[in-house]
Amino acid sequence: MQGRQPAASPSTALHAAILKCGSEVNIQHNALLVMYTKCGHVYSALRVFREINEKDYISWNSMLSCYVQNSLYAEAIKFIAEMFQGGFQPDNACIVSLCSAVGHLGWLINGREVHAYAIKKLLDTDTQVGNTLMDMYMKCQYTEYSTHVFERMRIKDHISWTTIITCYARSSQHFEALEKFREARKEGIKVDPMMIGSIIEACSGLKTSLLAKQLHSFAIRNDLLDLVLKNRILDIYGQCGEVYHSLRMFETVEEKDIVTWTSMINCYANSGLLNEAVALFAEMQNTDIQPDSVALVSILGAVADLSSLAKGKEVHGFLIRRNFLMEGATVSSLVDMYSGCGSMSNALKVFNGAKCKDVVLWTAMINAAGMHGYGKQAIDLFKRMVETGVAPDHVSFLALLYACSHSKLVDEGKCYLDMMETMYRLEPWQEHYACVVDLLGRSGKTEDAYEFIKSMPLEPKSVVWCALLGACRIHKTHELAMVAADKLLELEPDNPGNYVLVSNIFAEMGKWSNAKEVKAKISERGLRKDPACSWIEIGNNVHTFTARDHTHRDAERIHLKLAEITEKLRKEGGYIEDTRFVLHDVSEEEKVDVLHRHSERLAIAFGLISTHPGTPLRITKNLRVCGDCHEFTKLASKLFEREIVVRDANRFHHFRAGSCSCGDFW
DNA sequence: TTAGGGTTAG
């Protein structure tokens, strides 16, 4: 069980000593039961329990608590029936354990039955019962019931206040959480590390590192910083984008445990510092701390984002050597990692090897097929998943719709959107609608896409307008593009990518002053856009390039190679630069020069000089690949006889012998 | 005999 101290060794000597002491028989047995509970020896505890002839409330409640403390929640609930049969009716202690079990399972219906029983027996006024009822409703995601219980409690202790603050924080009612914390302080309620932990959770939702810093100082001043709280604060700083503060916290934690390391790795990974995440994972292996499945899932995510197949295989090897179970999050992350690193064959191998396939694993594989342009295969996987009795959820439909979208399967996409609503009663999210808009729009039906948006039962959000705008750009339906652009900038004025997209459309229309005006808003609003960059893994190193990059130690050779490649493509492949993809108001000559130095071309050139002939090149780009680079890469794959796998911000392109797996639809 | 905490997956 997480957070629990390691189980102590059961002591046969202690067992004997307890039996020898002169107390009554059931007191001896109850003491034994507690000992076995703490040692995690549930079956020994059960044996002792069965031996008790005159079971009292303490015997029954101790056995129930034994199940709960050892995470056997369903067994705990089953045990209640036995308790009733034994003639004992649940008291406060029993309700408390039962609520804990129900909460962990998230079984709301049982929880309401327990609550009704507590009210009937007038046990709900007890503070501990109230606290566990609140916690139970929170875990069942019914925080409004938690609030109701809190308001009815006559005596509230610091646990009651901490629980209600957590309820608000977890249900995104951040200001209510802050208000309750203020009230608790005003009431003079004791503040402990767990209360700080609960209120600091609201900071990540509000993305306010200022408040996190205030709470951090408060905890220091009041000597409340234990390891769990330090880890929580480290994590929250990361979620607020304060990598520096996370790192400072990480460095000051002397007694770092696996959670400290994993939180720091995640902080790096979520801030895009993928190489730092991988380096930290390597550093952890030089300590006494052993990676657990959570740490491995985290690093697999970072490796997938980095597209580092070599590192991914290292982690996979590590998992096998350490006998980690190939199930749950671990196996889904492996599939996702191989897919993200461009290796569909390995993703499929891991997927096929998994004995138990849950909805997450199926979805990972559907997503992998979709991203790589195998739309029909994604649909086939979906059908197989349903046939095996696994019900699809929102995310599986999203993966399926993306797969349809990447493979231009218009009718299938519309059919699956309909299926999720009618057959599975799943209300589509904005992202599902955006997928269909993308599918209709990019296949040339921009007006249909607009009509579809108008028919949506939800108010369309930025993601939907963004899909329409992207499609309008491809098909040059500029009038409709302006409608989408206005909506997009109105709904999401702080996303620099939107201004770039809108500016590019103005540039394509030749409206250079409008293009400049829109772009200028990025700096006016104090926003920063990510520069385009591409990277390639050679051996054990990831080499990153930005456009016109001269910082690489082999820059001169790379640029010379690129010039040679371009010349060869022109002469032998008939390559002619398509300067429509350069959206700067510069001369034609300069436009050609801009194209020549796009970051993915530098990565291709470096790949060609750093690997043996015939070796596939795997390149990752943070933005979408431009049309001219797409053509360039197709020709390069043919003339240099290389398979070139490019992962852009949207999907995979497998270039072979002059053509691309996306069929020029992306 | 009884309650509340941190890192992870599609």
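Chain naming here is simple, since letters A, B, ... match the order of the sequence lines and numbering starts at 1 in each.
The side-chain contact (heavy atoms from CB on, under 4.5 Å) test with A:Pro392 singles out one residue from A:Tyr416, A:Phe397, A:Trp362, and that residue is A:Phe397. Among A:Ile289, A:Val253, A:Val228, the single residue meeting the side-chain contact (heavy atoms from CB on, under 4.5 Å) criterion with A:Thr260 is A:Val253.
Checking B:dG10, B:dG5, B:dT7 against the side-chain heavy atoms of A:Ala364 singles out B:dG10 as nearest. For A:Asn367, the side-chain atoms get nearest to B:dG10 when compared with the rest of B:dG10, B:dA9, B:dG5. Side chain of A:Ser97, nearest nucleotide from B:dG10, B:dT2, B:dG4: B:dT2. Candidate nucleotides B:dT2, B:dT8, B:dG5 were compared by shortest atom distance to the side chain of A:Leu229, and B:dG5 ranks first. Comparing B:dG4, B:dT1, B:dG5 against the side chain of A:Val228 picks out B:dG5 as the nearest. For A:Gln69, counting side-chain heavy atoms from C-beta on, the closest listed nucleotide (B:dG4, B:dA3, B:dT7) is B:dA3. The side chain of A:Val359 lies closest to B:dG10, out of B:dT7, B:dG10, B:dT1. For A:Thr262, the side-chain atoms get nearest to B:dT7 when compared with the rest of B:dT1, B:dT7, B:dA3.
By the salt bridge (Lys or Arg N to Asp or Glu O under 4.0 Å) test, A:Asp135 is found to be paired with A:Lys139, residues two or more places apart in sequence or in another chain being considered. Every residue two or more places apart in sequence or in another chain was checked for a side chain to side chain donor-acceptor pair (under 3.5 Å) with A:Glu144, and none qualifies. Qualifying salt bridge (Lys or Arg N to Asp or Glu O under 4.0 Å) partners for A:Lys311, counting only residues two or more places apart in sequence or in other chains: none. For A:Tyr338, the ring pair (Phe, Tyr, Trp, His ring centres under 6.0 Å) partners at least two apart in sequence or on another chain are A:His316. For A:Tyr237, the side chain to side chain donor-acceptor pair (under 3.5 Å) partners two or more places apart in sequence, or in a different chain, are A:His216. Remark: A:Glu431 engages no residue in a side chain to side chain donor-acceptor pair (under 3.5 Å) (not counting sequence neighbours). Applying the ring pair (Phe, Tyr, Trp, His ring centres under 6.0 Å) criterion to A:Phe318, with sequence neighbours excluded, gives no partner residue.
Residues from residues 323-341 of chain A with heavy atoms under 4.0 angstrom of DNA chain B, sorted by number: A:Gly328, A:Ala329, A:Ser332, A:Ser333, A:Asp336. For DNA chain B, the residues of residues 118-138 of chain A within the heavy-atom distance limit of 4.0 Å (strictly under) are A:Gln128, A:Asn131, A:Thr132, A:Asp135, sorted by number. Of the residues in residues 382-401 of chain A, those placing a heavy atom less than 4.0 Å from an atom of DNA chain B are A:Asp393, A:Val395, A:Ser396, in numerical order.
Protein atom CG of A:Asp305 is 13 Å distant from nucleotide atom C1' of B:dG10, rounded to whole Å. Distance CD1 (A:Ile155) to P (B:dA3): 19 Å, rounded to an integer number of Å. One atom, CD1 of A:Ile233, and another, C1' of B:dG5, lie 12 Å apart when rounded to the nearest Å. Rounding to whole angstrom units, CG of residue A:Asn266 and C1' of B:dA9 are separated by 11 Å. Atoms CZ (A:Phe49) and P (B:dT1) sit 15 Å apart, rounded to a whole Å. The distance from atom CD1 of A:Ile366 to atom P of B:dA9 is 19 Å, rounded to the nearest whole Å. Computed from coordinates, the A:Phe88 CZ to B:dT1 C1' distance equals 12 Å when rounded to whole Å. Between the NE2 atom of A:His104 and the P atom of B:dG4 there is a distance of 6 Å, rounded to whole Å.
Between the side chains of A:Gln89 and A:Lys121, at least one donor N or O sits under 3.5 Å from an acceptor N or O.
As judged by a 4.0 angstrom heavy-atom cut-off over every strand, A:Asp157 is placed among the base-contacting residues. No contact: A:Leu296 has no heavy atom under 4.0 Å from any strand. A:Lys139 comes within 4.0 angstrom of sugar-phosphate atoms only, judged by non-hydrogen atoms across all strands, and of no base. Across all strands, A:Ser62 comes closer than 4.0 Å only to sugar-phosphate atoms, never to a base (heavy-atom distances). Residue contacts for A:Asp235: at a heavy-atom cut-off of 4.0 Å it reaches the sugar-phosphate backbone alone, with no base atom in range. Among the atoms of the strands shown, only primed sugar atoms or phosphate atoms (P, OP1, OP2) are found under 4.0 Å from some heavy atom of A:Ser65.
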In a table with atom names and distances, give each donor-acceptor pair under 3.5 Å that connects a side chain of residues 348-360 of chain A to protein atoms at least two apart or in another chain.
unit_1   : atom_1 : unit_2   : atom_2 : d
A:Asn352 : ND2    : A:Leu348 : O      : 3.2
A:Lys357 : NZ     : A:Phe351 : O      : 3.4
A:Lys357 : NZ     : A:Ala354 : O      : 2.8
A:Asp358 : OD1    : A:Val360 : N      : 3.3
A:Asp358 : OD1    : A:Leu361 : N      : 2.9

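A salt bridge links A:Arg232 to A:Asp235: at least one charged side-chain nitrogen sits closer than 4.0 Å to a carboxylate oxygen. Under 4.0 Å is where a charged nitrogen must lie from a carboxylate oxygen, and between A:Lys180 and A:Glu183 at least one such pair does.
Judged as a side chain to side chain donor-acceptor pair (under 3.5 Å), the pairs with a partner in residues 47-56 of chain A (not counting sequence neighbours) are, in order, A:Asn26-A:Asp56, A:Asn30-A:Asp56, A:Arg50-A:Glu82, A:Asp56-A:Ser59.
Within the 4.0 Å cut-off from OP1 or OP2 of B:dT7, not a single side-chain nitrogen or oxygen of A:Gln239 is found.
Side-chain N/O atoms of A:Asp226 and base N/O atoms of B:dG5 include a donor-acceptor pair closer than 3.5 Å. At a cut-off of 3.5 angstrom, the base of B:dG5 holds no donor-acceptor pair with the side chain of A:Ser198.
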